[in-house]
Amino acid sequence: MYQHRFITQLSTLTVTERTTLSGRSPFSSVAWLEALEHSGCVGEQTGWQPYHLVVYQDNQLVALLPGYIKLHSYGEYVFDWAWAEAYERHQLPYYPKWICAIPFTPVVGSRVLSGNPVPDALYDYVTAALHEEAKQHSWSGWHINFPTPLAGWRRQSLMERHGVQFHWKNNDYSDFDDFLGAMTSRKRKSINKERKAIQGQALTIRWYQGDEITEEIRQAFYLCYATTYLKRSGHHGYLNDAFFQRICETMTDQVAIVCAFLQEKIVAASLYLHDEHTLYGRYWGALQSHNHLHFELCYYQGIEYAIRHKLRRFDAGAQGEHKLARGFEPVITHSYHHIRQPDFAQAIDDYLARERSHMAQYRDQCASLLPFKNQ
């Protein structure tokens, strides 16, 4: 028999309870989620109010769904602004809503943190609990973004939404040249030309992992990250310096930073995370403009790292059709949604059915543009 409660701070969990939870990726971990809370990146002031669903069985914690009450739709990467506008036109409140997601991070992974495989009965229980909570608090609905596995959610009669991301797959390449050898001659030459341009600009590339990431390296990365965000978006980014300091301290073995030096000065940097099978490239910035440096630090260096460490997959972040020419393949992503208002639910469900068809066509079109031989 399951029981549940909602908590607003992960720090209320005991040490033993935290160690029993696993999302099998850096982002679906208590350490990552706690860093967001500890640094103030999530909280009432940001519009991401922690409201995690914790499930118990026989008084033992068995699962946690990282959840947030949202007063806006920023930082989710499953875009529902049109849904909110439709509500507004009919003078109905779309916010607050509840979302199970990794804030600011459109990465596919488990959304049910547990030390054991999750049975169907737990998905059934969670769905019923969220339906009741949405009714009690007058949420417009609740949402699960970028989850795996999918079977447990699909059996819940939720609305399913698809998107497309671009991920690199390691086909047992021995090195970067072996990877390039799978490409057509024209695409191979284009990538080699971009990489040679880095050498021509007198840039030096260096990796730092674990304890090699000194405070000086971390601060240099953050300066690059915040500067680039400020130029592009007018703010310093969703994640602050305290957050990056925290994950470098608490997730040391899963963090790596690659830096570009010009005359021994760091001019650009990317921060990566990894688990047993996957490399995740998420955060980048530069103090100076250099031709093809973004491609080098965010894609080519990541591919080399994945090959060197025999990782199966490289997720370099959302968006970016330009990744196709660099060997990143289109993959379908999923999200699941419950809208309480029946008329809006029907209209959105009809829209999502058409959107899924369009996403499948888009994925196929992108796949036809991959640079590999016999494609």
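One finds a salt bridge joining R206 and E264 here, because a Lys/Arg side-chain nitrogen approaches an Asp/Glu carboxylate oxygen to under 4.0 Å. Remark: R155 engages D120 in a salt bridge, criterion side-chain N to carboxylate O under 4.0 Å.
Checking side-chain atoms of K373 against main-chain N and O of G181 turns up a donor-acceptor pair under 3.5 Å.
Under the 4.5 Å side-chain heavy-atom criterion for Ile, Leu, Val, Met, Phe, Trp and Tyr, Y238 and L271 are members of the same hydrophobic cluster.
In summary, the side chains of E215 and Q219 do present a donor paired with an acceptor at a separation below 3.5 Å, with no hydrogens or angles considered. With 3.5 Å as the limit, one finds a donor-acceptor pair spanning the side chains of H290 and Q288. Using modelled atom types, one finds no donor on one side chain facing an acceptor on the other under 3.5 Å when comparing E88 with H90. Side-chain atoms of R246 and H38 include a donor-acceptor pair closer than 3.5 Å. Side-chain atoms of Q57 and Y125 include no donor-acceptor pair closer than 3.5 Å. Y94 and H72 share no side-chain donor-acceptor pair at under 3.5 Å. Judged by distance alone, the side chains of E194 and Y300 do bring a donor and an acceptor atom under 3.5 Å apart. A donor-acceptor pair shorter than 3.5 Å cannot be found between the side chains of Q9 and E37.
The only member of Y74, Y95, Y87 that meets ring pair (Phe, Tyr, Trp, His ring centres under 6.0 Å) when paired with W81 is Y74. For the side chain to side chain donor-acceptor pair (under 3.5 Å) test with E133, the passing option among W98, Y51, W142 is Y51; the others fail.
Cation-pi geometry between R232 and Y229 is met: under 6.0 angstrom from the ring centre, within 45 degrees of the axis. For the pair R195 and F176, the distance from NZ or CZ to the six-membered ring centre is under 6.0 Å and the angle to the ring normal is within 45 degrees.
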Query - Audit row: H137, F6, ring-ring contact (aromatic ring centres under 6.0 Å, His included) steps and yes/no - result: CA-CA 13 Å; H137 293 278; F6 287 87; 7.6 Å; no
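You'll find the side chain of F261 stays beyond 4.5 Å of the side chain of I205, heavy atoms only.
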